Amino acid sequence: MKNWGIQTRILLLALAPAVAVAGALSVYFVLALLSDLDRDLRDRGLGLARQLAAIAEYSTYSGDRQTLGSVALAALEEAHVNSVEVYDQEGEALAASGALPAPLSPLPSPTQSDVIHEDEDHLRIAAPVLRHRFDIQDPFLAESPVAGRPEPPPLLGWVVVEMSRQSLETRRQETIAFTLTLVLLTVAATSLLAMILTRQVSRPIVRLEKAVERIRAGQLNLQLPADSGGDLQRLEEGFNTMAQALQEARDNLEGKIADATQELERKRAEAERSSLAKSRFLAAASHDLRQPLHALNLFASDLKNHARGPDQEKLAGQIGTSIRSMSELLDALLNISRLDVAGVNPQPLATPLQAIFDKLQQTYAREAENRGLRLRFRPTRAWAHTDPALVERLLGNLITNALRYTERAAFWSPPAAGARPGGSR
């Protein structure tokens, strides 16, 4: 039930009590009506049997079967009467509305009317036929003990009336059909009223739910018609106020974001201009420093060639090493500045790798030897489609770092025959 919608819940809340009350009242009234119908049929049969017993008193006493037969036939005109039978005091049939039946057994009560047989289709009622005496009032016998003692009237026989319950069953079915029809009409009317009420109550709630979904999707410029009345109308007005406040807050936030974005863009442009100016300055400075650095390198070489003694040769070597390190730093700085200002344009072409390895061998072999290291390039016939100057510069930087930070030589031996490939080299 927790997953049911608001319309289903309101409709169920409105229909459940009405259906329960209508069903309970229908069952009660049907049972009461059926009980009344059965009681009315029984009372009607008892009264008719007593009337026929009074009418048949003289004919039974005189044995006038013809008159008794006429009385029995005349009784068939009464509603719900199937047959009428007249018996003597021994239970033998005297007359009947049809063929004479079998003797009456067991004998009914000789003093009062009663039901002697009952099933779903028939009801048999027996009334005793009594001979009534009319005593003359004798003033001389008023004080006689015999005159004051009542005697029961003598029994002449019985009148048996058979009532049909088929009409009662028909009436019962009609009653049940009418009651069910009334219940269905009541439920239908209640359902229609409940649907109208449900629509009036749930429509604003459903409208609010859809509005919340639209706000969640970003449609804040949304106003609901506040026409539901009562608490729901106040809720709709509050929702409109909330939506307007959210719209204003979003507009303010978007304005602040736009201002902040413009400020960031302005600062980013300034930073790019500053970075570009710095890169150009570094490029210019690196280019301008190359000439005095080259002259200083020549002076260091000349000093080493004309050195007098080991101390001067060592000092000249140290000066040359510092000059080469400074040249490498200037080259790296110049490359970075060129990249920043888009000053480096690769020019790829078919290049043999061995030629690049030979230049690197000539450039860095002496420095490796001075550091007690060995620099070796494996011969190759491979070619590459690349810019040879950039590749030479890249590999030179790697070799410079390797020579600078390597403390001792590490030798690598090829794997033994049959070893699995993939090992470190």
Side-chain angles (χ1 to χ4, degrees), residues 31-138 141-142 144-172 175:
L31 293 179
L33 182 58
L34 294 180
S35 177
D36 292 342
L37 290 175
D38 189 73
R39 185 174 62 252
D40 291 343
L41 183 64
R42 186 183 299 268
D43 294 342
R44 185 181 181 84
L46 290 172
L48 181 60
R50 285 194 291 266
Q51 290 178 4
L52 292 176
I55 294 173
E57 177 183 353
Y58 180 76
S59 300
T60 304
Y61 175 74
S62 61
D64 189 356
R65 292 174 178 253
Q66 184 177 1
T67 303
L68 292 175
S70 300
V71 172
L73 290 174
L76 294 179
E77 297 179 0
E78 296 290 332
H80 310 300
V81 178
N82 280 350
S83 64
V84 177
E85 303 161 1
V86 182
Y87 297 88
D88 60 12
Q89 59 185 357
E90 301 296 334
E92 297 292 335
L94 297 176
S97 57
L100 291 177
L104 189 60
S105 178
L107 296 177
S109 171
T111 58
Q112 61 181 0
S113 303
D114 196 5
V115 177
I116 61 175
H117 179 73
E118 183 178 5
D119 56 24
E120 294 181 358
D121 300 327
H122 303 90
L123 182 67
R124 289 174 63 84
I125 301 173
V129 181
L130 304 175
R131 191 183 70 172
H132 294 83
R133 295 182 301 177
F134 299 95
D135 297 332
I136 300 175
Q137 296 296 330
D138 189 351
L141 299 177
S144 174
V146 178
R149 184 183 303 167
E151 295 181 1
L155 178 66
L156 298 178
W158 290 273
V159 174
V160 178
V161 179
E162 182 177 302
M163 307 293 291
S164 174
R165 282 187 167 180
Q166 293 181 356
S167 59
L168 184 64
E169 183 65 25
T170 302
R171 184 72 180 277
R172 181 185 293 111
T175 303

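Values below: all heavy atoms of this structure, side chains included; hydrogens, waters and symmetry mates excluded. These numbers were taken from a predicted model, which means no experiment stands behind them.
- With sequence neighbours excluded, the residues forming a side chain to side chain donor-acceptor pair (under 3.5 Å) with Glu85 are Tyr87, Arg124, listed by chain and number.
- Met163 contributes atom CE, which lies 9.5 Å from atom CG of Leu46 (distance to the nearest 0.5 angstrom).
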Between Glu162 and Val160, is a side-chain contact (heavy atoms from CB on, under 4.5 Å) present by the stated rule, with each step listed? CA-CA 7 Å; Glu162 182 177 302; Val160 178; 5.8 Å; no
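- Inter-residue side-chain proximity for Thr60 and Val86 is flagged as met; some heavy-atom pair is nearer than 4.5 Å.
- Considering all non-hydrogen atoms of both residues, Ala93 and Leu100 come closest at CB-CD2, 4.2 Å.
- In this structure, OG1 in Thr67 is found 12.0 Å from CG in Leu94, a value given to the nearest 0.5 Å.
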Please tabulate, for the side chains in residues 103-115, all donor-acceptor contacts under 3.5 angstrom to protein atoms that are two or more places apart in sequence or on a different chain.
{"from": "Ser109", "atom 1": "OG", "to": "Thr111", "atom 2": "N", "distance (Å)": "3.4"}
{"from": "Ser109", "atom 1": "OG", "to": "Thr111", "atom 2": "OG1", "distance (Å)": "3.3"}

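- Annotation: the span from Asn82 atom CG to His122 atom NE2 amounts to 5.0 Å, rounded to 0.5 Å.
- Considering every non-hydrogen atom in both Ala126 and Ile116, the closest pair reads CB-CG2, 3.7 Å.
- Among all heavy-atom pairs drawn from Arg165 and Leu41, the shortest one is CG-CD2, 3.8 Å.
- The two residues Ala53 and Val159 make their nearest non-hydrogen contact at CA-CG2, 3.8 Å.
- Here the CD1-OG distance, from Ile55 to Ser70, works out to 12.0 Å after rounding to the nearest 0.5 Å.
- Ion pairing of Arg42 with Asp38 is present here, as a side-chain N (NZ or NE/NH1/NH2) and a carboxylate O approach within less than 4.0 Å.
- Heavy-atom minimum distance, Ala49 versus Ile125: CB-CG2, 4.1 Å.
- The CD atom of Glu120 sits 10.5 Å away from the CD atom of Glu118 when rounded to the nearest 0.5 Å.
- One finds the CG atom of Leu156 at 10.0 Å from the CG atom of Asp88 (value rounded to the nearest 0.5 Å).
- Among all heavy-atom pairs drawn from Val129 and Glu57, the shortest one is CG1-CA, 3.6 Å.
- Within the structure, side chain to side chain donor-acceptor pair (under 3.5 Å) pairs that include any residue of residues 89-101 do not occur (at least two apart or interchain).
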